[in-house]
There are 2 protein chains.
Amino acid sequence: MTVRSEPAQHAGMRASNLALVLGEVVRTGPVSRARLAARTGLTKSSVSGLVADLITAGLLQESAPAATERGRPATALSLAPGGVAGLGLEVNIDYLAAVVTDLTGAPRYHHVVRRDNRGREVADVVADLIELARAAAGSADAQALPLAGACVAVPGLAVDGTLARTPNLGWDRVDLADAVREGVGLDVELENEANLAALGEMWFGGHQHDGAPLRDFVHVSGEIGIGGGIVIGGEVFRGANGSAGELGHVVVDPAGPLCACGGHGCLERMAGQQEILARAEVSTVEELTRACEAGDRAALDAVTEAGRHLGVALSSVLTLLDPSAIVLGGAFATLAPWLTAPTAASIGHHSGTAPRLLVSGLGSDAAVRGAAGTVVRRVIADPAAHLARQVARAGS
Amino acid sequence: MTVRSEPAQHAGMRASNLALVLGEVVRTGPVSRARLAARTGLTKSSVSGLVADLITAGLLQESAPAATERGRPATALSLAPGGVAGLGLEVNIDYLAAVVTDLTGAPRYHHVVRRDNRGREVADVVADLIELARAAAGSADAQALPLAGACVAVPGLAVDGTLARTPNLGWDRVDLADAVREGVGLDVELENEANLAALGEMWFGGHQHDGAPLRDFVHVSGEIGIGGGIVIGGEVFRGANGSAGELGHVVVDPAGPLCACGGHGCLERMAGQQEILARAEVSTVEELTRACEAGDRAALDAVTEAGRHLGVALSSVLTLLDPSAIVLGGAFATLAPWLTAPTAASIGHHSGTAPRLLVSGLGSDAAVRGAAGTVVRRVIADPAAHLARQVARAGS
DNA sequence: CCCATATAGTCCGAGTCGTGAACTAATGTG
DNA sequence: CACATTAGTTCACGACTCGGACTATATGGG
C-alpha cells in the first residue's frame, strides 16, 4: 500500500525521453528531428539517438524528405503503421465486438456479432469471444501487424483481470482475462466499458477544446444501463476502488423508487433504456428513433423526461468535477436530436450553467476502439518497455 | 495549451531522487541512510550523496546514533525542525487567521482574529490580514525559522493569485496575492479554503486508511456556505476551470427552490447554516449545539433534516468519485454527534452503501493549517528547487 | 557556375550522476 | 580477541545528455 515512486536512473531518463519524443510525433504528426529537438527541449544529438532507437524498434519511420524553405530538406518522421497493433474486444449485453488498431490509431479490422448474451452460459459467450479474437488476430497476422496485447471492454467492474460484477449480465467473478490470454496468447487486460468508451472518444472522436483534444470531460453512455467515464488530464479517473463514474446511480430524485443497486431514485432507474422505452410504448431504440422522427408525442415526451433527469445528474457532475465538456454517447448519441435540448435546459435550471454538451461520433463503437487504443497507447506511453520486450523475445 | 512534459536530464534525475529521499523521510520518520537506500531502490552511495545535499540545504539533520541489534549503529536522519517554515493565512467570512508551520508540520505560531468581514471595506480587511501576517512572520523570525512562502486560504475561487469570486463575502477580483506579497515580502499563492481544508485534514488530521494516510477522500466543510474539497492520489482535484468540488451546489432536490448560484435545489440552499439555524430557531452554531445537547426537538430535527439532504449529495459524490472516505469538517464536525447518524442513513437509503464517514479533528483550523502545509510541502516535493533558490540568494 | 546563407542531421569530447564493489567504521557475539 | 554484522564512504566505471564542431543538402544572388 506504500506509494513510492521509482528512483530516477539513467535507463529511466532514456525511457522518459523516448516517450517524450514518440509522444510529440503522435501529437503533431510527421516532424523532423530538428523540430522535435526544438519542441521537446532536448538537443539535436539526443533526439537523433532516441529516434534511431525508435526506428529500430519499428515504432517510427522516415518518410520522404519534405522540401523546406531553405537549407537542407528535413526527413520527416512519422508513426510506423506496421509497428505495433492492439486488439480491442468487447463483451456487452447484446453484442460482442473485436477491433484491431495500428499505431496511428487507424482501425485495421472490425467485426461485431449481435446477439443477446443475457441468460446464455458464460462459457459459451467466452468461447464466442475467443473465436472472434482469434479471427481478429489472424487478420492482424495477415496484415503483418504484430499485436502488442489485448484489452477487453466489459459492462461491469474489472479487478485484476477478473470480472467482479456485471449487474446487467449477471456474471460473477469470471476470470475473463486468463481465458482470453490462453485463447489468443496475448497479454490481456480488462477494463470497464464506460471508461474505455470515454478514452475511445478522446482518442478517436475528434472533439477539441481550445484547439487541443479534450482531456477533461465526462462521457455518458446510454446503453441498457447508463454508464459514465470520467477523464481527467487525459486519464481515466477510477476512484479508490475502481468504481468511480457510475453516473447511472447518481440520485436524481431523493423520493424516487428503489433501484437494483440498493439505492433510491438513481438516474438509471428514472431514465434508463427500459424506462424510456416503456414510457414511449415501444420496445427497441430503433422504434423509438423512428417514432421521434415521426413526431410521436409519447416518444418525444419520454425522451424529454429522460433529458430532464439526465440534466439533474449532469448538474451534479458539473459542480463536482468541473469538466470542460460532456459527451453523450451510446444510444444517447442516437437520440441526441431530441435529447440534447431538454438535457441542456435541465442543466441550466439546476446548476445555472451552460456546459459544452457534445455528441459522440463513434456511438457504440467507442468502447471497442478505446480498448484497442489502450493497448497501442500503452506502447506509446512507454516505448522503452516495448523495446525491452522485443529484445527479450529476440534473445529467447 | 500544449501539454508537454519536460525532457529528462541529469539535473532532473537528481531533483527527482532528492525528492524521493526526502519524501521517504517524511513518510517514515527518522531513518538511516542504509534503510533509505533499501526503501528507495537507490544505492547506498547515491543516498549518501543526496543526503549530504539535503543536510547542507538545512532540510535534514543527523540525530543521535540509534543502537541496532548488531553491527555499526545507524545515524538516524530526520527532518530539520528549523529548516524551512510556511506561513498560512486565511480570510474568511467571520475571522482572519495565521499559522506558521515548520518542516515537520508542527504549528509554531497560531493566531485567529474573530470579526465579521461582510460589508467591511476590502482594503481594511486586507490591511488587517497583512498586519496578522507580519506578526506571524516576526514570530518565525524570532524562532529562526526561514519562511519559504505564504499561502492564503480564501472562501472563493482563486485564479492566478486573484480572488475571482467570493459569493459569501461579496468581493470581486481582488488582487490579494500581490497585496500580501508586498506586505510581507514573500512568495504568496491563493487557494480555495475548502481545498486547503482537505489538504490540512490529510496532512495533519491523522486519519488512516489501510494503515496509510488517506489519499483519496472528500472533505466537506460546513461553514456559512458548504464547501467541498476533493483529494485524489494525495492531490487536490480542481477540474478544468478550478471550480471542482463545490459540494454546496450539488442538486439534492430537483423541485427545490432557487439558489444564489442560479440553480435549483442545491445542497447549500437546503442544508446551509442559514437554513439549519432558521429551522432550529436559533441564531448561532453555539446555540444550536447547546440546544442539541439539551435534547431540543426543533434543533435535533433541523440537524436531522440537514443530514438527510447531505446524505443525498454525498450519495452522488460516492457513486461519481468512489472516495475511500468522507470527512466532515467545519461546523459539521461540531454537529457530528447528531449529524452523522441521519447522514449515514440517508446515504444508505440513496446509494445502498455504507461509506467511511469520518469527523475532522481540526475543525475550522483545517484550512489555515493546510495553507501553511502547502508551502512546506512544496519544498518537500521539490527540494532541488529550494536548494537552487538558496544558492541564488547566497550568490546575490 | 560558384559562393554565401540557411537548415538538417551526425560526431565526439565533456560533464553529470547513479552503480557496484572494495574499503573503513563501529558495534555485538562467542 | 577474533569474527560476524551492519553503516557509511570512496572511487573507478558506465549510461546518459549537452554542446559545439562538422558534414550534408538545399536556396538564391552575382
Side-chain angles (χ1 to χ4, degrees), chain A residues 5-21 24-25 30-56 60-78 383-384 387-388 391, chain B residues 5-21 24-25 30-56 60-78 383-384 387-388 391:
Chain A
S5 64
E6 292 295 298
Q9 301 165 332
H10 292 116
M13 197 160 87
R14 184 148 194 94
S16 152
N17 285 336
L18 283 168
L20 184 67
V21 167
E24 197 57 38
V25 176
V31 236
S32 66
R33 289 172 236 265
R35 221 187 160 67
L36 277 175
R39 298 193 55 115
T40 56
L42 292 161
T43 56
K44 286 192 296 175
S45 39
S46 300
V47 170
S48 278
L50 294 162
V51 164
D53 276 14
L54 292 170
I55 289 178
T56 53
L60 284 186
Q61 63 180 18
E62 290 189 328
S63 324
T68 38
E69 277 193 16
R70 288 227 290 238
R72 174 174 167 179
T75 53
L77 297 162
S78 50
L387 227 154
V391 173
Chain B
S5 62
E6 292 295 296
Q9 304 167 342
H10 290 113
M13 196 160 91
R14 183 139 193 104
S16 152
N17 285 336
L18 282 168
L20 184 67
V21 167
E24 195 59 38
V25 176
V31 237
S32 66
R33 292 169 173 71
R35 221 186 162 68
L36 276 175
R39 298 194 55 115
T40 57
L42 292 160
T43 57
K44 286 192 296 175
S45 40
S46 301
V47 170
S48 279
L50 294 162
V51 164
D53 277 13
L54 291 171
I55 289 177
T56 52
L60 285 186
Q61 64 180 19
E62 289 188 330
S63 324
T68 37
E69 279 193 14
R70 287 226 288 240
R72 174 175 166 178
T75 53
L77 297 162
S78 49
L387 225 153
V391 172

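Residue numbers start from 1 in every chain, and the chains themselves are labelled A, B, ... in the order their sequence lines are given, proteins ahead of strands.
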Of A/Gly49 and B/Leu42, the one whose closest DNA chain C nucleotide lies more 5': A/Gly49
Given DNA chain C, 5'-ward residue of the pair A/Ala8 and A/Glu62, judged by closest heavy atom: A/Glu62
Donor-acceptor pair, side chain of B/Thr40 and main chain of B/Leu36, under 3.5 angstrom: yes
Between D/dG14 (P) and B/Met13 (CE): distance, integer Å: 16 Å
Whole-Å gap separating C1' (D/dT17) and CG (A/Leu50): 9 Å
Any B/Arg14 side-chain N or O less than 4.0 Å from OP1/OP2 of C/dG18: yes
Proximal nucleotide (of D/dG19, C/dG20, C/dA26) relative to the A/Thr43 side chain: D/dG19
Whole angstrom value for the distance that separates P of C/dT19 from CD of A/Glu6: 12 Å
Residue list, salt bridge (Lys or Arg N to Asp or Glu O under 4.0 Å) with B/Arg35, at least two apart or on another chain: none
Closest nucleotide among C/dT27, C/dT10, D/dT17 to the B/Pro73 side chain: C/dT27
Separation of D/dC16 P from A/Leu18 CG (nearest whole Å): 9 Å
Donor-acceptor pair present, A/His10 side chain and C/dC17 base, under 3.5 Å: yes
hbond_proxy A/Arg70 side chain to C/dA6 base (donor-acceptor, 3.5 Å cutoff): no
Donor-acceptor pair present, B/Arg72 side chain and D/dA7 base, under 3.5 Å: yes
Interatomic spacing from CD in A/Glu24 to CZ in A/Arg39 - rounded to 0.5 Å: 4.5 Å
Distance in Å, B/Leu18 CG paired with B/Leu387 CG, rounded so as to fall on 0.5 Å steps: 7.0 Å
Presence of donor-acceptor pair under 3.5 Å, side chain of B/Ser45 and base of C/dG20: yes
Short side-chain N/O contact to D/dT9 OP1/OP2 from B/Arg33, under 4.0 Å: yes
Any B/Ser48 side-chain nitrogen or oxygen under 4.0 Å from OP1 or OP2 of D/dG8: no
Side-chain N,O (B/Asn17) to OP1/OP2 (C/dG18) below 4.0 Å: yes
Nearest-Å distance for atom pair CG/P, residues A/Asp53 and D/dA15: 13 Å
CG-CG distance between B/Asp53 and B/Asn17, expressed to the nearest 0.5 angstrom: 11.5 Å
Residue-phosphate contact under 4.0 Å: A/Gln9 side-chain N/O, C/dT19 OP1/OP2: yes
Sugar-phosphate, base or nothing in reach of B/Ser46, heavy atoms under 4.0 Å: base
